[in-house]
Amino acid sequence: MYKHQKIAVIIPAAGSGRRMGTKEIKTFLKLKDKDLIQWTLEAFLQNDWVDQIVVVGRKQEQERFELLLETVRVEKRSQGAAYPHMSFVVGGADRVESVHNGLSQLMEDIHFVMVHDGARPLVTDDVIERSLEDVLEHNASVVCVPMKDTIKVATDDHFVDYTPDRSRLFSIQTPQSFERNLLLRAYEQGILQGLSATDDSGLVEAFGHPVKLTLGSYNNIKITTPEDLLLAERILERENA
């Protein structure tokens, strides 16, 4: 399906871990026997269609990230296994600048780009494949799950303004996948206009391009608090039972 399409993954991994209550950055916290970032990397290394992986992190952790990537290369070579081109790039002041730095490292022949949070270690190959299928057809795809809870929109003084239809609400996850030039133009425009966005699709939406919603998984959680780390451990135990 992707035979003639080159695919890259950008992994923003500069989370400070402040809400984890630890001095260690989130991506190097342990989940079972591996760092979070190792789980995330392995998910994409196992996908045969990924041609390039760019990890984006803080300058002070550059040596640790580069050592990790080299360890992966050595392991793959010892197994005689193929692996994508992997590199590290220093991030910026916020997510927009960091992902833009990642985009600057893409190989010239990349067609599609997936952006995936380094702190989402439980993404599965099924979710990755669905995202790739949708971006191939629609040029823009975000992984999501239907909202379980009823949502209230508040007034400025914190009274209920209205209750939106839950059937039309989705919780957005990653990966978020885009045609390379579409995402690059959206980021360049966003930076020029000083736009801020908590996810990549926000900039693509502002650029005026429709974005396909791709079914994700409730297990594809983002590790933000200590409770999230415990939940991830339970998910892994259940899957391996």
Side-chain angles (χ1 to χ4, degrees), residues 2 5-15 25-29 31 34-57 65 68-69 72 83-89 91 94-103 105-106 110-136 140-145 170-180 182-184 186-187 197-204 211-224 228 232 235:
Y2 317 111
Q5 310 295 335
K6 295 285 188 178
I7 295 163
V9 183
I10 295 174
I11 302 178
I25 66 168
K26 286 190 297 183
T27 44
F28 283 104
L29 291 174
L31 174 58
K34 292 181 285 191
D35 297 338
L36 291 183
I37 189 63
Q38 288 180 269
W39 289 96
T40 304
L41 278 171
E42 287 178 8
F44 290 96
L45 286 167
Q46 291 169 8
N47 188 284
D48 293 337
W49 303 109
V50 173
D51 299 285
Q52 182 180 10
I53 295 175
V54 180
V55 178
V56 186
F65 280 115
L68 171 62
L69 295 179
V72 172
Y83 57 92
H85 181 276
M86 293 181 289
S87 62
F88 170 84
V89 64
D94 55 22
R95 182 187 172 88
V96 170
E97 189 176 340
S98 292
V99 175
H100 188 255
N101 287 358
L103 287 168
Q105 301 299 306
L106 295 184
I110 293 296
H111 297 95
F112 293 97
V113 185
M114 311 182 83
V115 184
H116 183 74
D117 298 325
R120 287 189 191 270
L122 303 185
V123 64
T124 64
D125 201 54
D126 286 344
V127 170
I128 294 170
E129 287 289 326
R130 287 197 293 270
S131 183
L132 288 173
E133 289 171 5
D134 277 350
V135 75
L136 198 65
S141 156
V142 295
V143 167
C144 62
V145 289
F170 293 82
S171 179
I172 299 302
Q173 303 177 338
T174 64
Q176 300 190 6
S177 304
F178 308 91
E179 190 272 328
R180 177 214 186 120
L182 169 64
L183 186 60
L184 185 58
Y187 262 91
T198 56
D199 74 340
D200 312 283
S201 67
L203 294 177
V204 173
V211 178
K212 182 72 168 65
L213 294 172
T214 299
L215 181 63
S217 167
Y218 289 107
N219 288 347
N220 184 23
I221 63 173
K222 186 176 183 180
I223 308 299
T224 304
D228 297 328
I235 291 170

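We use all heavy atoms of the structure for the numbers below, so side chains are in, but hydrogens, waters and symmetry mates are not.
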Identify the two heavy atoms, one from [X] and one from [Y], that lie closest to each other, and give their separation to 0.1 Å.
X: Thr27; Y: Asp35; value: O-CB, 3.7 Å
X: Ile25; Y: Ala13; value: CD1-O, 4.3 Å
X: Asp125; Y: Ala43; value: OD1-O, 4.5 Å
X: Val50; Y: Pro84; value: O-CB, 3.5 Å
X: Val99; Y: Pro12; value: CG2-CG, 3.9 Å

So, the side chain of [X] versus the backbone of [Y]: is there a donor-acceptor pair under 3.5 Å, distance only?
X: Arg130; Y: Leu215; answer: yes
X: Thr40; Y: Gly118; answer: yes
X: His116; Y: Ile11; answer: no
X: Asn47; Y: Trp49; answer: yes
X: Gln173; Y: Val145; answer: no
X: Asp51; Y: Ile7; answer: yes
X: Gln38; Y: Leu68; answer: no

Contact between [X] and [Y] at the side-chain level, heavy atoms closer than 4.5 Å - yes or no?
X: Val9; Y: Pro175; result: no
X: Tyr83; Y: Val72; result: no
X: Ile223; Y: Pro121; result: yes
X: Met114; Y: Val135; result: no
X: Ser217; Y: Val143; result: no

Rounded to the nearest 0.5 Å, what's the gap from [atom1] on [X] to [atom2] on [Y]? Could you check?
X: Ile110; Y: Leu103; atom1: CD1; atom2: CG; result: 11.0 Å
X: Lys222; Y: Thr174; atom1: NZ; atom2: OG1; result: 8.0 Å
X: Glu129; Y: Thr214; atom1: CD; atom2: OG1; result: 12.0 Å
X: Lys34; Y: Leu29; atom1: NZ; atom2: CG; result: 15.5 Å
X: Cys144; Y: Gln176; atom1: SG; atom2: CD; result: 9.5 Å
X: Ile10; Y: Asp117; atom1: CD1; atom2: CG; result: 12.5 Å

Practice task
Give a yes or no on whether a salt bridge exists between Asp199 and Arg95, defined as a side-chain N under 4.0 angstrom from a carboxylate O.
Solution key: no
Practice task
Start with the C-alpha distance between Val204 and Leu183, add both sets of side-chain angles, then the distance that settles side-chain contact (heavy atoms from CB on, under 4.5 Å), and finish with yes or no.
Solution key: CA-CA 7 Å; Val204 173; Leu183 186 60; 3.9 Å; yes
Practice task
Check step by step if side-chain contact (heavy atoms from CB on, under 4.5 Å) holds for Arg180 and His111.
Solution key: CA-CA 5 Å; Arg180 177 214 186 120; His111 297 95; 5.9 Å; no
Exercise for the section: Walk me through it: do Leu45 and Ile53 pass the test side-chain contact (heavy atoms from CB on, under 4.5 Å)? Expected result: CA-CA 9 Å; Leu45 286 167; Ile53 295 175; 4.0 Å; yes
Practice task
Name the orientation class of the two ring planes belonging to Phe65 and Phe28 (parallel below 30°, tilted from 30 to 60°, perpendicular beyond 60°).
Solution key: tilted
Problem - Non-neighbouring partners of Phe112 that pass ring-ring contact (aromatic ring centres under 6.0 Å, His included), sequence neighbours left out - result: none
Exercise for the section: Decide side-chain contact (heavy atoms from CB on, under 4.5 Å) for Phe178 and Ser201; before the verdict, give the C-alpha distance in whole Å, the side-chain angles of both, and the deciding distance to 0.1 Å. Expected result: CA-CA 9 Å; Phe178 308 91; Ser201 67; 4.2 Å; yes
